**Q** 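Starting off with a structure, shown below.
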Amino acid sequence: MGKFLTKREDNYSQWYNELVIKADLAENSAVRGCMVIKPYGYAIWEKMQAALDQMFKDTGHVNAYFPLFIPKSFFSKEAAHVEGFAKECAVVTHYRLRNTADGKGIEVDPDAKLEEELIVRPTSETIIWNTYKNWIQSYRDLPILCNQWANVVRWEMRTRLFLRTAEFLWQEGHTAHATEEEAVAETVQMINVYSDFAENFMAMPVIKGHKTANERFAGALDTYTIEALMQDGKALQSGTSHFLGQNFAKAFDVQFANKEGKLQHVWATSWGVSTRLMGALVMAHSDDNGLVLPPKLAPYQVVIVPIYKGDEQYAKVKEAGNKIKEELKDFGITVKFDDRDTHKPGWKFAEYELKGVPIRIALGARDLENGTVEVARRDTLEKNTYPQENIAKVVKNLLNDIQENIYNKALNYRKEHTFSANNWDEFVDYLDNKGGFVYAHWDGTTETELAIKDKTKATIRCIPIDNPLEDGKCILTGKPSTQKVLFAKSY
RNA sequence: CGGGGUAUAGCACAGUCCGGUUAGUGUACCUGCUUUGGGAGCAGGGGGUCGCAGGUUCGAAUCCUGCUACCCCGACCA
């Protein structure tokens, strides 16, 4: 465990990389671009999964599992889709190894070449729609509301822990509907689920909106996104929900007989969030002392650190610590009592700060005498002494406070870094000198969007839902525009 | 994939230019004693095919060739 963490203002990117590793969330593996998610990091992901999974089920979805491999021929059926993903696919070509001639190693057996190559899924629309074809004959078979928790592979050129890895974990929902209206409603429902999750569990404010045609998912007619602002002023796309129209139904010939007995193509959606959310969580709240976790996603919300001299005190402090632990557990609070005698209290304080545990309770001889505990909150680093009596209630309230406080802090940060530009010079000034979200008029063409990206590195993050309409002129071309859209530099 | 850089103990680095005792420092690790309310102190100890494969040489971490991986900056993306 290193003692020093790079400061955010010195090198934000390095701060992030160090933090992920030092807080024991993940590390680079022996495999290029692939990470090992360590137990502490995985515990946070499991909390995210549990909350999201419940939200999916509450909105009528069920879980299923589809194959890791997709036959190459499936993959090419939807033209836009294959074009979007072709450049980053891992491909399985053989199914057997053999010993090399010199007996010292192994090699791919050339006789074991597959008839048809298999793509390691970068996303599962094609294999799922090929499957749905068999599940759907009648309007009575619809809707199908499936989700799967899975790993996918996208052969990215440059990777970063959680933010962009060659293999990542995610969930992908794939739904099939009888009508366009129903599919659109599903798409909107799921982006709302994502934004609720981001704001209520991750304590991370997000802006919901439509992607532009240029930024849309390969094969979608409309892509909704939630966009979060990180502490370095860059945006992070944190979840997407796609209205796929009838594209995949047509590509895989999925038709159903409606009530009138007429054959129609099925309407589709897909939606997903990934372990990238872990990166978002780290960057949204953490500080120069380490991770700051929202209580709702922290692997343990409270850590109790005993302070003692000698075996006699150790026994007493341990007894008192266990009692407090049980009281907290009865209040539904998750607690770790770190009674290891192999590390000193000061070491533990620093350790749990680095790991972002929302509340630390210190308990020593002084406290045993006075019937108190010292409670430190991670978000503000404030320390206060409270009576041991009713401590669970105090902690419970503090946890709620912390959850709320870090949300408000992130929201304030976003407010302070959201600008509205009325001309090109303002636009560039905000992007270069302030950083953050910049609203600006855009003429609606992909050509202009790309030109702006080329000049400023900023992209249109989204056209926010319920965006107020106002007449104006495109900041680049001066052509008429009906609304300002959200620009930012992004991850 | 284009440009730049790095590879020596678990980690972070020095040594490489100018080849030559037993490859060193910090940290981490192990043992003992003293410590314990913010990453303890002292003493002792273990750990290295110097990224991989070749080559030059009496002798290579050091020079040459090839390869691989990683990092930073671009293009691409959840």
Side-chain angles (χ1 to χ4, degrees), chain A residues 1-6 11 13-14 17-18 21-22 27-35 83-89 104 122-123 150-172 194 211 214-218 223 225-228 235-242 270-280 289-290 305-311 313-314 317 340-355 360-370 372-376 381 383 385 450 453-454 457 459 490-491:
Chain A
M1 188 64 60
K3 282 182 183 173
F4 304 105
L5 187 61
T6 298
N11 187 335
S13 172
Q14 194 177 327
N17 289 335
E18 282 181 16
I21 289 167
K22 289 182 177 174
E27 63 189 27
N28 285 308
S29 72
V31 185
R32 179 200 147 86
C34 297
M35 65 180 162
E83 197 189 321
F85 287 103
K87 284 180 290 183
E88 51 189 31
C89 283
K104 286 178 181 168
T123 180
N151 59 338
V152 288
V153 169
R154 296 181 189 176
W155 213 261
E156 299 291 348
M157 296 179 180
R158 283 182 58 205
T159 59
R160 285 187 75 190
L161 293 170
F162 290 122
L163 297 174
R164 192 188 302 107
T165 46
E167 179 193 16
F168 55 95
L169 306 184
W170 77 344
Q171 58 69 216
E172 47 182 326
Y194 289 155
K211 283 292 185 189
N214 176 54
E215 296 267 335
R216 213 173 266 157
F217 177 76
T223 288
T225 177
I226 52 171
E227 297 286 325
L236 185 71
Q237 177 176 311
S238 304
T240 46
S241 180
H242 314 291
S270 69
W271 28 273
V273 294
S274 70
T275 38
R276 171 179 264 195
L277 288 180
M278 295 284 297
N289 296 309
V305 177
I307 301 162
Y308 55 88
K309 291 177 188 167
D311 290 344
Q313 277 189 15
Y314 181 51
V317 168
R340 290 178 296 173
D341 63 357
T342 50
H343 295 277
K344 294 183 59 182
W347 188 90
K348 291 176 184 174
F349 290 173
E351 168 80 359
Y352 293 114
E353 246 157 49
L354 190 57
K355 289 187 147 187
R360 181 186 71 236
I361 294 179
L363 183 65
R366 200 165 75 195
D367 297 298
L368 292 183
E369 229 168 84
N370 303 331
T372 57
V373 290
E374 183 191 77
V375 176
L381 298 171
K383 285 193 276 197
T385 302
L450 293 175
K453 183 180 179 180
D454 191 49
K457 290 175 188 158
T459 50
S490 77
Y491 278 92

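Owing to the predicted nature of the structure, the values given are computational and were not obtained by experimental measurement. Each chain gets a letter, A, B and so on, in the order the sequences are listed, and its residues count up from 1.
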**Q** Take atom P in B:rC76 and the same atom in B:rA60, then report the distance between them in whole Å.
**A**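 Approximately 49 Å lies between the P atom of B:rC76 and that of B:rA60.
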**Q** Can you tell me the Watson-Crick or wobble partner of B:rU62, both distances under 3.5 angstrom?
**A**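 B:rU62 is unpaired by these criteria.
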**Q** B:rG38 pairs with which nucleotide, Watson-Crick or G-U wobble, both distances below 3.5 Å?
**A**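 Across any shown strand, B:rG38 pairs with none.
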**Q** Would you measure the distance from the C1' atom in B:rC64 across to the matching atom in B:rU57 and give it in whole Å?
**A**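 Those two atoms are separated by 12 Å.
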**Q** Of all the heavy-atom pairs spanning A:S490 and A:T459, show the shortest one and how long it is.
**A** OG-OG1, 4.0 Å
**Q** Does B:rC76 have a Watson-Crick or wobble partner in any strand here, with both distances under 3.5 angstrom, and which is it?
**A**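 None - no nucleotide pairs with B:rC76, as no candidate has both distances under 3.5 Å.
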**Q** In this structure, how many angstroms lie between the P atom of B:rG38 and the CZ atom of A:F349, rounded?
**A** 7 Å
**Q** Assign the ring pair A:W347 / A:H343 to parallel, tilted or perpendicular, where the plane angle (0 to 90°) is split at 30° and 60°.
**A** parallel
**Q** Please give, in whole Å, the distance from B:rA40 P to A:D341 CG?
**A** 15 Å
**Q** Which pair of heavy atoms, one from A:A218 and one from A:F85, lies closest together, and at what distance?
**A** CB-CE1, 4.2 Å
**Q** Answer whether the closest heavy-atom distance between the side chains of A:N28 and A:L161 falls below 4.5 Å.
**A** yes
**Q** Please state the P separation for the pair B:rG24 and B:rC71 - nearest whole angstrom.
**A**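 Going atom to atom, P in each nucleotide, I get 31 Å.
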**Q** Look at all strands and tell whether A:R360 reaches a base, only sugar-phosphate, or nothing, counting heavy atoms closer than 4.0 Å.
**A**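 If one applies the 4.0 Å heavy-atom cut-off, A:R360 turns out to touch a base.
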**Q** What is the pairing partner of B:rA43, taking Watson-Crick or G-U wobble pairs with both distances under 3.5 Å in any strand?
**A** B:rU31
**Q** Can you say whether a donor on the side chain of A:K383 sits under 3.5 Å from an acceptor on the base of B:rG38, or the other way round?
**A** yes
**Q** Let's test this: given Watson-Crick or G-U wobble pairing with both distances under 3.5 Å, identify the partner of B:rA23.
**A** none
**Q** Any base atoms under 4.0 Å from A:G33, or only sugar-phosphate, or nothing? Heavy atoms, all strands.
**A**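 The residue A:G33 makes sugar-phosphate contact but no base contact.
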**Q** Parallel, tilted or perpendicular: which describes the rings of A:F217 and A:H242, with under 30° parallel and over 60° perpendicular?
**A**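 Aromatic pair A:F217/A:H242 classed parallel.
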**Q** Would you name the heavy atoms of A:V317 and A:P306 that are closest together and state the gap between them?
**A**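 The pair with the smallest heavy-atom distance is CG1-CB, 3.3 Å.
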**Q** Identify whether a stacking contact exists between A:F168 and B:rA78, where the ring centres must be under 5.5 Å apart and the planes under 30° apart.
**A** yes
**Q** Provide the distance between the two P atoms, one in B:rG2 and one in B:rA75, to the nearest whole Å.
**A** 16 Å
**Q** Take a 6.0 Å sphere around CH2 of A:W155 and say whether it holds more than 12 heavy atoms from other residues, nucleotides or ligands.
**A**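 Open: at most 12 neighbouring heavy atoms sit under 6.0 Å from CH2 of A:W155.
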**Q** Measure the CD1-NZ distance between A:I307 and A:K348 for me, rounded to the nearest 0.5 Å.
**A** 9.0 Å
**Q** For B:rC18, which nucleotide is its Watson-Crick or G-U wobble mate, given both distances must be under 3.5 Å?
**A**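 Across any shown strand, B:rC18 pairs with none.
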**Q** Determine the contact category for A:G272: base if any of its heavy atoms lies under 4.0 Å from a base atom, sugar-phosphate if only primed atoms, P, OP1 or OP2 are that close, otherwise nothing.
**A**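 No contact at all - A:G272 keeps every heavy atom at 4.0 Å or more from the nucleic acid.
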**Q** How many whole angstroms separate atom NZ of A:K344 from atom P of B:rU36?
**A** 7 Å
**Q** Could I get a table of every N or O pair under 3.5 Å where one atom is in the protein and the other is in nucleotides 73-76 of chain B?
**A**
from, atom 1, to, atom 2, distance (Å)
B:rC73, OP2, A:R158, NH2, 2.9
B:rG74, N7, A:R158, NH1, 3.3
B:rC76, OP2, A:K453, NZ, 3.2
B:rC76, O2, A:E156, OE1, 3.4

**Q** Hey, does the side chain of A:N17 come within less than 4.0 Å of B:rC72's phosphate (OP1/OP2), counting only N and O?
**A** yes
**Q** Base, sugar-phosphate or nothing for A:T342? Non-hydrogen atoms, less than 4.0 Å.
**A** nothing
**Q** What heavy-atom pair brings A:T123 and A:E172 nearest, and what distance separates the two atoms?
**A**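 Scanning both residues, the minimum pair turns out to be OG1-OE1, 3.6 Å.
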**Q** Atom CD of A:Q313 and atom C1' of B:rU36: how far apart are they, to the nearest Å?
**A**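 It works out to 10 Å between those atoms.
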**Q** Taking B:rG54 as the reference, what is the distance to B:rU62 when you measure between their P atoms (whole Å, please)?
**A** 14 Å
**Q** With rounding to whole Å, what would you report as the distance between B:rC1 and B:rG48 at their C1' atoms?
**A** 36 Å
**Q** For B:rC70, what is the paired nucleotide under Watson-Crick or G-U wobble rules, both distances under 3.5 Å?
**A**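 Per the H-bond distance test, B:rG5.
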